Every structure is written in C-alpha cells, then in structure tokens.
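Written below as structure tokens is the structure these notes are about.
The structure presented is a predicted model; accordingly, all values stated were derived computationally and were not measured.
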Amino acid sequence: MATGTEPPATEPTHPSGGVQAGTRAAIDAPHLRTDRWWLAPAGTAAGLLAFIVYSTWRAFANADYYAAPYVSPFYSPCLAENCEPMRAGPNWEIFGGWWGLSPAVIILIFPLGFRLTCYYYRKAYYRGFWASPPACAVAEPHRKYTGETRFPLILQNIHRYFFYAALLVAGILTYDTVLAFRDEDYAWGHMGLGTLVFLVNIVLIWAYTISCHSCRHIVGGKLKHFSRHPVRYRMWQWVGKLNARHMQLAWASLVSVAVADFYVYLVASGAFDDPRFF
C-alpha cells in the first residue's frame, strides 16, 4: 500500500548527486533547517582567514620579532644565520647562510602542520572553506565523497608525526618563557607584562597539544586491560578530560600565539614599552 512518501515512478533521476540523487528521499529543498546554520561555518572561516592573513604577514616580515628578553613564537627556534642574535636563546643555525627568506618560514611548517591535520581543525576548515559538509544536516555540494583516501587529504594521516614535532616546539617555547623572566639586560629575577603573556600562551599551547586525539591514543591506546596499567589509565582519563575541550583549546591557543607574537612586535618596533612588575 502506498504511503504517500514514495516519489512517482515518472520522476526523473537527478544526475547531480547529493540530496537530489535518485536514491534519496523525494525532498525538493536541499535541507529543512530554518535556523541561521550558516553563521557557524562563516564565523569559523572568518576566524581562520584572519589568522592566516596575520601569520603570513608576520612570517614574511622578517623584522620586529625579538626584543630582549622576548622572542616571537613564530620565529623560535631560529634555524638560519639571518636571525637576530638572541643571547642564550634558541639560535640553531642549521640552515647556514644560504637561507635568504624569513627564518619563520622554516619553523612554522611544524606547528601549522600539526594544526592543519588536527581533528578539530579538519572539521573547522572542511565546513568553513570546503563545505564538506557546511553544517550538520546540510548536504555538501560535491557530487561524490572520497573522504581522506586520496591525495591531498590522505596526508592527514601523518598527524601523529606532526604531534611529535609539536611536542618539540612546545618544549622550545617553554624555554623561551623561562628566558622571559629576565630584563632587557638579561639579568634574572624580573617579570614584565610580556612574561605574563608568554606564560598564558605556553599553558594554552601545552593544553591544546596534550588534548590532541593522537596524544590520547598514545597514552591509552592498544590496552586490553586498563586494570593492569593503572598509571596509563589515569593519564588516559586526564588527557580525555582535556580532549573534551579540544575545540576551545584550539581556538584559545590560536589566539594566544598570535597575541604573543603581536606583543613582541609592538615592543620590538618601539610602539609599546614593556611594563615591569618587578
């Protein structure tokens, strides 16, 4: 008996795919949402685009990234000879003098690679830029879906290796934060507003890095009996609590690293004097 929901037998099959494919329900509208569903992907795209524009400008500026004792997180560690000398800082001239571009271009590959392959950021830019899908219950406009099985998206599988690199970068930024407890003459036992900015940034960087899904799997993955591994089980629970806030930590750390860089820019360019607490 007909229920009234079947499409008529003479209805043409749409070759475009997606929600208009012949095997899908006979709904003319691309979706039935009546709320402003486009605000979330639009806001995500705007936020990510703003960071891309800012970080690109700062990465290629190759100036105003060091004001003792602060070094921009975009330029640390320095891997080329064309860096400003940083006393006791992360000066690792691995690339020598042949590298002519900004040294930030070298180091930013690793934290950006970690964020680009991050599970949350995949969701963010898939929805914000690729409309795959643009929102929950809103079909994507693409004719077919191949997931992350083909180039270039198959490269997302190297996320774990970028996680290892991100740990190294976070360790170096921690060292930079320790050096921020000096004054402009490199004397220890001082703290400025920049030190506080660096402290907030490194806490958020570590929280975002450790809350990564790869970290959670490394800590507690492939265990058949948690009772036999109480330490790893406790660590897995702790990382899991952070993982539940992975999205918030991703955005917070993205903003904090940009703020830390901009603060160094203001001090190094002479536009702002770093206030000293002691």
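- Residues in residues 30-51 take part in these salt bridge (Lys or Arg N to Asp or Glu O under 4.0 Å) pairs, two or more places apart or across chains: R33-D35.
- Among residues two or more places apart in sequence or in another chain, the salt bridge (Lys or Arg N to Asp or Glu O under 4.0 Å) test is passed with D274 by R276.
- Rounded to the nearest 0.5 Å, atoms CZ (R232) and NE2 (H229) are 6.5 Å apart.
- A distance of 11.0 Å separates CZ in R228 from CG in L223, rounded to the nearest 0.5 Å.
- Applying the 6.0 Å contact sphere to OH of Y119 captures no more than 12 heavy atoms from other residues, nucleotides or ligands.
- The list of salt bridge (Lys or Arg N to Asp or Glu O under 4.0 Å) pairs with a residue in residues 95-111, not counting sequence neighbours, is empty.
- Annotation for Y186: atom OH counts as buried by contact number, over 12 foreign heavy atoms lying within 6.0 Å.
- Shown here is F129, whose CZ atom has more than 12 heavy atoms of other residues, nucleotides or ligands within 6.0 Å.
- Partners of Y263 according to the ring pair (Phe, Tyr, Trp, His ring centres under 6.0 Å) rule, which considers only residues two or more places apart in sequence or in another chain, are F272.
- Taken to the nearest 0.5 Å, the CG atom of L168 stands 12.0 Å off from the CZ atom of F163.
- The salt bridge (Lys or Arg N to Asp or Glu O under 4.0 Å) contacts involving residues 37-61 comprise R58-D261, where partners must be two or more places apart or lie in separate chains.
- With sequence neighbours excluded, no residue forms a salt bridge (Lys or Arg N to Asp or Glu O under 4.0 Å) with E81.
- Between Y233 and W236, the ring planes are parallel. Angles under 30° get that label, and only those over 60° would be called perpendicular.
- Within the structure, side chain to side chain donor-acceptor pair (under 3.5 Å) contacts touching residues 107-116 (residues at least two apart or in different chains) are R115-Y121, R115-S253.
- Close placement of the F114 and H159 rings is indicated, their centers lying within 6.0 Å of each other.
- Pairs of residues two or more places apart, or lying in two chains, that qualify as salt bridge (Lys or Arg N to Asp or Glu O under 4.0 Å) and include a residue from residues 116-128 are R122-E148.
- Although no hydrogens or angles enter the test, the distance criterion places a donor-acceptor pair under 3.5 Å between the side chain of T195 and the main chain of A180.
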What pairs of donor and acceptor atoms, side-chain ones from residues 244-251 against any protein atom, are under 3.5 angstrom apart with sequence neighbours left out?
| unit_1 | atom_1 | unit_2 | atom_2 | d |
| --- | --- | --- | --- | --- |
| H246 | ND1 | S211 | O | 3.4 |
| H246 | ND1 | S211 | OG | 2.6 |
| W251 | NE1 | Y120 | OH | 2.6 |

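- Counting non-hydrogen atoms of other residues, nucleotides and ligands closer than 6.0 Å to CE of M235 gives a total of 12 or fewer.
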Which side-chain N or O atoms in residues 37-48 pair as donor and acceptor under 3.5 Å with protein atoms at least two apart or in another chain?
| unit_1 | atom_1 | unit_2 | atom_2 | d |
| --- | --- | --- | --- | --- |
| W37 | NE1 | H31 | NE2 | 3.3 |
| T44 | OG1 | A40 | O | 3.0 |

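- Side chain of T174 to backbone of A170: a donor-acceptor contact under 3.5 angstrom is found.
- Screening residues 80-111 for disulfide (SG to SG under 2.5 Å), with sequence neighbours left out, gives C78-C83.
- Proximity of the aromatic rings of Y265 and F74 is defined here by a centroid distance below 6.0 angstrom, and this criterion is not met.
- Taking CZ of F198 as the start and OH of Y70 as the end, the distance is 7.5 Å to the nearest 0.5 Å.
- For residues 135-222, no residue pair satisfies the disulfide (SG to SG under 2.5 Å) rule, not counting sequence neighbours.
- I158 CD1 to L116 CG: the interatomic distance, rounded to the nearest 0.5 Å, is 10.0 Å.
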